[in-house]
Student: 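Just passing along the structure, written as structure tokens.
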Amino acid sequence: MSTLTEDDVSAQAASGYRAGSTLPLRVELVRQLKRRRTLIMGGILAALPFVLAVAFAIGGSPGDRNGRVTLMDTATASGANFAAVNLFVSAGFLLVVPVALFCGDTVASEASWSSLRYLLAAPVPRARLLWSKLVVGLGLSLAAMVLLPVVALGVGTAVYGWGPLRIPTGGALDTATATQRLAVVVAYVFVSQLVTAALAFWLSTKTDAPLGAVGGAVGLTIVGNVLDAVTALGHWRDFLPAHWQFAWADAVQPHPEWSGMIQGTAISVTYALVLFALAFRGFARKDIVS
């Protein structure tokens, strides 16, 4: 069967045709926002702070039964602390799921619905189609990561009050500084998840099964976390993105240390660029039959 490359070429020569006007980002964004999985994932992330607040209300202050103070023990100190704890408990796995879902389901779902070839016959150039879906997928992933701490900050402030961010090692950050640092944390968590996003997106261009792309990305991310726990690997763990996923903790210190976050960013961006390039290169040569 034809790969539709000829259709793309002939359409580009048509009068009034502009490749950059096909599949506008706003159209793709509206399509993805209306999908049930987007609404469900948003609801889960928005509900997590309420669940944790209820858990702390039932179980008491987390620091009551622990002599060693950790970030979790300071969860009820202020709204800022509660937001930081929500990021801490979700960064390792929960936030991986929306990233894999929004970036891994996007192309594969079109193939599973047998609508991908019709999009290309519209005609939408392949690079334009991938670019629109990637930008929207990353945008929704970022929105998910912003939604969680924003809701947590609101819930924490309502329950525990507005105050400085108490640091487990001693000291505190005033509210203005704490807000800025939490914004840095969210930005770093997003960058650290680019590997998962790129892996899911690449798999999405290779399969017609959305669950395969999403599950594959989540599974390989879990494998990375397991490998990082193997201390026998020594310095080889420095090349694992999972090794740097909690480097953001250095940003919520009185004197922040940026070296870990810089290394984590470099590792994540490098892997992501390679995987994104593979996705675009492979999709450009792929026979579209669904």
Side-chain angles (χ1 to χ4, degrees), residues 41 44-57 59-100 141-142 144-157 159-160 162-173 175 177-196 218 221-222 224-226 228-229 240-254 256-258 260-261 263-265 268:
M41 183 54 63
I44 292 174
L45 292 174
L48 178 62
F50 293 94
V51 173
L52 288 181
V54 171
F56 289 142
S61 175
D64 287 346
R65 298 178 299 275
N66 194 343
R68 180 173 175 269
V69 179
T70 64
L71 182 62
M72 183 64 72
D73 297 326
T74 65
T76 59
S78 68
N81 278 93
F82 187 69
V85 167
N86 274 263
L87 283 171
F88 176 75
V89 300
S90 59
F93 179 74
L94 181 59
L95 289 179
V96 172
V97 177
V99 173
S141 299
L142 178 59
M145 295 182 187
V146 172
L147 175 65
L148 177 62
V150 167
V151 174
L153 187 61
V155 172
T157 300
V159 178
Y160 309 116
W162 179 259
L165 176 64
R166 179 185 169 193
I167 300 173
T169 56
L173 299 177
T175 53
T177 302
T179 302
Q180 295 172 0
R181 299 287 181 84
L182 288 176
V184 171
V185 169
V186 172
Y188 178 75
V189 171
F190 173 72
V191 172
S192 68
Q193 294 295 341
L194 284 178
V195 176
T196 300
V218 173
T221 300
I222 294 175
N225 290 332
V226 172
D228 183 56
L240 296 172
H243 186 67
W244 307 100
Q245 63 181 336
F246 291 109
W248 58 263
D250 294 335
V252 289
Q253 301 295 330
E257 174 60 48
W258 306 108
M261 296 177 66
Q263 293 182 68
T265 298
S268 181

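Computed from heavy atoms alone, side chains included, the values below leave out hydrogens, waters and symmetry copies. We number each residue from 1, following the sequence as shown.
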Student: What is the minimum heavy-atom distance between Thr196 and Ala100, and which atoms define it?
Tutor: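 Looking at all heavy atoms of both residues, the shortest contact is CG2-CB, 4.1 Å.
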
Student: Report the residues that fulfil side chain to side chain donor-acceptor pair (under 3.5 Å) with Gln263, sequence neighbours left out, ordered by chain and then residue number.
Tutor: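 Expected list: none.
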
Student: Can you name the nearest heavy-atom pair linking Ala172 to Pro164, along with the distance?
Tutor: CB-CB, 4.2 Å

Student: What do you reckon, is CZ of Phe246 surrounded by more than 12 foreign heavy atoms closer than 6.0 Å?
Tutor: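 Correct, the count exceeds 12.
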
Student: Quick check: does any side chain N or O of Ser90 sit under 3.5 Å from a backbone N or O of Asn86, one acting as donor and the other as acceptor?
Tutor: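 At least one qualifying donor-acceptor pair exists.
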
Student: Where the side chain of Ser268 meets the backbone of Val191, is there a donor-acceptor pair that is under 3.5 Å apart?
Tutor: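 At least one qualifying donor-acceptor pair exists.
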
Student: Ignoring hydrogens, what is the shortest heavy-atom contact between Ala91 and Gln193? Give both atom names and the distance.
Tutor: O-NE2, 3.4 Å

Student: Between Asn225 and Gln245, is any side-chain donor less than 3.5 angstrom from a side-chain acceptor?
Tutor: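 Gln245 and Asn225 do have a side-chain donor-acceptor pair below 3.5 Å.
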
Student: Check step by step if side-chain contact (heavy atoms from CB on, under 4.5 Å) holds for Arg181 and Leu165.
Tutor: CA-CA 10 Å; Arg181 299 287 181 84; Leu165 176 64; 5.6 Å; no

Student: Tell me the closest heavy-atom pair linking Met72 and Phe56, and the distance in Å.
Tutor: SD-CZ, 3.9 Å

Student: Decide side-chain contact (heavy atoms from CB on, under 4.5 Å) for Gln180 and Val184; before the verdict, give the C-alpha distance in whole Å, the side-chain angles of both, and the deciding distance to 0.1 Å.
Tutor: CA-CA 6 Å; Gln180 295 172 0; Val184 171; 5.8 Å; no

Student: Any donor and acceptor pair, going by atom type alone, linking the side chain of Thr157 with main-chain N or O of Trp162 inside 3.5 Å?
Tutor: no

Student: Evaluate the criterion side-chain contact (heavy atoms from CB on, under 4.5 Å) for residue pair Tyr160 and Val155; output intermediate values, then yes/no.
Tutor: CA-CA 8 Å; Tyr160 309 116; Val155 172; over 6 Å; no

Student: List for me each residue that meets side chain to side chain contact (heavy atoms under 4.5 Å, CB included) alongside Pro254, sequence neighbours excluded, and say none if there are none.
Tutor: Ile167

Student: Taking Arg166 for the side chain and Ala77 for the main chain, is one N or O donor matched with an acceptor at less than 3.5 Å?
Tutor: no

Student: Would you be so kind as to tabulate the donor-acceptor pairs closer than 3.5 Å made by side chains of residues 146-153, with sequence neighbours excluded?
Tutor:
none

Student: Going through the checks in order, is the side-chain contact (heavy atoms from CB on, under 4.5 Å) test met by Val218 and Phe93?
Tutor: CA-CA 9 Å; Val218 173; Phe93 179 74; 3.8 Å; yes

